[in-house]
Amino acid sequence: MTTRGWVALSLAAAALVAAPFVVDRYLLSILLLCLIGAYLGQAWNILMGFCGLLSLGHALYLGLGAYTGAILFVKFGVGPWLGVFAAMAVAVAAASALGWLGFRFRIEGVYFSLLTIAFAEVARIGFDNWSFAGGAAGFFLPVASEAQAQWFNLRGGPYFFYYLALALAAGALALSAFLRASKLGHAWLAVREDPAAARALGVNATRVRFFALFISSAMTAVGGVYLAFWSNNLFPAQIFDMSRSIDLILAPIVGGVGTLFGPIVGAFLLVPLGEALIDILRALGLNAPGAKALVYGALLMIIIAATPNGLWPWIARKLKLEGRGA
Amino acid sequence: MSALLTATGLVKRFRGLTAVDNVSFSVEEGEVFAIIGPNGAGKTTLFNLVAGVFAPDEGEVTFAGARIDGQAPEDICKAGVARTFQIVKPFPDLSVLDNVAIGAMLRTTHMADARAHADDILRKLDLHDRRSQKAGSLTLPDRKRLEVARALATRPRLILLDEVMAGLRPTETDRMVAVLRDINRTDRLTIVMIEHVMRAVMALATRVHVLHHGASIAEGAPDAVTRDENVVRSYLGSKAGAH
Ligand SMILES: Nc1ncnc2c1ncn2[C@@H]1O[C@H](COP(=O)(O)OP(=O)(O)OP(=O)(O)O)[C@@H](O)[C@H]1O
Ligand SMILES: [Mg+2]
């Protein structure tokens with residue numbers, strides 16, 4: 001990164017830290033959604049952007065993480081700070097099964113993506129029918145008033161959840177940057193670019209793909225635990241839904257797949273855009289169902305057509321934020 | 001002294017076609033062993049059997065006294081056999097330096113050491129001034145050099161070069177010959193090369209092995225092989241006519 005890049009990053013970080021003191025609760029909740037979107041986008045980006053594996057079923061890990069954390073808390077009294085490890089373990093177990101099937105039987109490219117969808121769908125149907133976890137009617141966490149805030153049980157007010165989201169997004173950025181520069185990160189890039197050439201250079205493609213799958217799914221499960229405790233309710237039809245998986249990957253795609261800052265930039269564009277559209281369309285009296293999706297889709301197409309490699313590479317070039325080869 | 005690389009009775013069939021048909025050869029440490037033959041003779045397939053892309057249907061490959069046939073490409077590379085691809089396979093979106101550093105990191109703990117080693121190799125192959133360029137933007141001759149650089153970066157004991165001279169101009173060929181001769185002599189690197197450019201073969205090879213329709217038709221010193229009646233008829237003769 002250039003000096004300008006570091007300055008921009010520091011300013012953005014300072015603004016995000018200061019935001020709760022400046023903005024109202026509505027804006028803060030939007031910033032929170034941006035941060036969570038940035039976090040989840042980064043998790044997905046490790047798998048797709050770094051390692052070249054297109055998952056269209058990341059809702060699987062999100063839902064497994066959310067349900068594991070919530071069930072452990074409500075049914076077994078295990079707090080989320082402990083439960084999050086169980087959530088990661090469950091997600092990694094699911095990812096192992098998927099990876100084993102995919103890599104063992106050479107299910108590659110678009111077929112691998114289909115496999116990820118299939119896994120998420122199976123989980124959705126399973127949780128729909130699992131009465132212990134509430135089935136299709138949903139699973140609920142006890143809502144605590146803000147006065148009873150217990151940070152150790154992830155019970156807290158908007159400020160608490162905001163800073164937690166900020167920590168998650170910042171942590172994911174640091175982890176992504178670290179991994180990207182590591183040997184493992186370079187092995188991922190090699191496998192993404194050309195698996196046969198990577199293997200000829202001694203890279204164990206299967207092993208590094210598993211690592212990418214593990215890290216990405218575990219991170220996503222952490223996001224799931226967060227969402228469970230933040231929203232206090234879980235429905236299989238929402239958390240495991242295909243649309244959830246798509247939502248999760250739009251930010252990194254729009255921002256720039258494989259870049260460090262793309263998922264963050266994408267989330268900070270798309271979340272407010274979606275919110276603003278609701279308001280604008282309402283003000284215009286356009287309440288037809290699907291109107292938002294239509295306009296949103298059209299805007300996405302324009303953005304992606306204008307910057308096919310993502311917004312971030314374009315921004316970084318215009319503002320001279322990154323050095324050559326970054 | 002036993003051979004560094006031995007292939008015994010290798011057979012590889014693709015459905016009806018026998019691409020490699022009972023091929024045996026052995027390469028001594030420090031040799032430059034050339035494999036020549038017309039298009040479709042099975043040369044690249046033979047490399048793929050040695051490098052672990054395919055397991056042979058019959059026969060075995062030993063390297064430094066151990067069986068390697070049927071092993072994974074990454075394990076064969078770790079054992080000390082590097083290869084280049086005839087149809088070049090750069091990592092197009094990565095810098096030239098990163099391309100080579102990925103090869104170098106096989107034998108280093110830290111990326112910084114891998115980069116330093118990659119830097120040295122890029123200098124050797126005249127690619128140093130293009131190090132921060134994306135590999136996808138290189139010209140074909142430079143991509144061929146990158147193939148060699150990346151394979152060398154894994155610090156192999158044996159390198160399999162698949163037509164690395166193809167597409168090079170005569171001066172570039174001579175330069176590549178000089179580089180290969182240097183790494184063969186000073187680093188004691190054993191080279192097995194598939195090559196159509198006879199000028200390079202004659203300059204470098206200690207022995208030449210000729211394939212035709214998957215089968216071995218001759219092997220020996222370069223001078224002897226190029227005078228061999230069979231070889232002239234099935235390969236060099238047609239080649240002379242074609243050029
Ligand atoms: N993966 C494959 N599947 C099916 N057939 C193949 C495969 N690879 C090679 N062949 C066939 O095997 C034969 C030998 O091909 P190979 O590439 O080994 O020849 P070559 O000697 O390297 O030729 P060239 O000089 O053109 O590179 C050819 O008929 C080719 O079509
Ligand atoms: Mg060939």
Side-chain angles (χ1 to χ4, degrees), chain A residues 1-2 45 48-54 103-104 106 108 176-212 252 256-260 262 308-310 312-313 316-317 322-326, chain B residues 47-48 50-53 71-85 87-115 118 131-136 146-147 149-156 159-160 162:
Chain A
M1 259 200 320
T2 59
N45 190 43
M48 172 64 196
F50 293 179
C51 194
L53 290 172
L54 174 58
F103 307 148
R104 172 76 178 70
R106 307 236 172 118
E108 297 194 328
S176 296
F178 169 76
L179 288 171
R180 180 79 142 75
S182 71
K183 276 176 67 173
L184 178 60
H186 283 80
W188 282 339
L189 296 176
V191 169
R192 178 193 79 186
E193 295 286 296
D194 194 315
R199 296 186 72 187
L201 296 174
V203 173
N204 187 330
T206 305
R207 185 193 297 159
V208 302
R209 279 173 169 160
F210 264 118
F211 282 147
V257 178
T259 65
L260 281 182
N309 295 320
W312 171 251
R317 201 166 50 241
E322 279 187 339
R324 267 167 68 88
Chain B
F47 265 19
N48 283 336
V50 175
V53 175
Q71 287 189 16
E74 57 268 28
D75 294 330
I76 291 174
C77 179
K78 277 174 202 151
V81 181
R83 65 92 50 97
T84 67
F85 292 92
I87 298 167
V88 293
K89 289 180 178 290
F91 304 129
D93 224 24
L94 307 185
S95 70
V96 168
L97 179 66
D98 275 351
N99 265 262
V100 181
I102 285 166
M105 74 188 188
L106 179 65
R107 315 264 184 224
T108 66
T109 323
H110 302 290
M111 268 330 285
D113 303 331
R115 286 223 173 75
R131 58 206 283 279
S132 42
Q133 207 170 311
K134 278 194 178 171
L146 179 62
E147 281 287 323
R150 234 171 28 173
L152 283 177
T154 65
R155 297 185 195 267
I159 189 168
L160 306 168
D162 197 345

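Chain identifiers are assigned alphabetically (A, B, ...) following the order of the sequence lines, protein sequences preceding nucleic acid strands; residue numbering begins at 1 within each chain.
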Would you mind checking which part of [X] comes under 4.5 Å of any heavy atom in chain A, side chain (CB onward), backbone (N, CA, C, O), both or neither?
X: B:Ala104; answer: neither
X: B:Ala72; answer: both
X: B:Arg115; answer: side chain
X: B:Phe85; answer: side chain
X: B:Thr109; answer: backbone

Residues in salt bridge (Lys or Arg N to Asp or Glu O under 4.0 Å) contact with B:Lys134, at least two apart in sequence or another chain:
B:Asp93
If you look only at pairs with a residue in residues 188-203 of chain A, which of them pass as a side chain to side chain donor-acceptor pair (under 3.5 Å), with sequence neighbours excluded?
A:Arg199-B:Glu74
Which residue is it: B:Ile102, B:Leu94, B:Asn99? I am looking for the one with a side chain to side chain contact (heavy atoms under 4.5 Å, CB included) to A:His186.
B:Ile102
With a 4.5 angstrom heavy-atom cut-off, could you sort out which part of A:Ala196 is near chain B: side chain, backbone, both or neither?
both
Over 12 foreign heavy atoms within 6.0 Å of CZ, A:Phe103:
yes
Under a 4.5 Å heavy-atom cutoff, which of A:Ala197, A:Ala205, A:Ser182 has the most pairs with chain B?
A:Ala197
Distance in Å, A:Leu201 CG paired with B:Lys89 NZ, rounded so as to fall on 0.5 Å steps
11.5 Å
For B:Cys77 and A:Gly202, the nearest pair of non-hydrogen atoms, with its separation, is SG-N, 3.5 Å
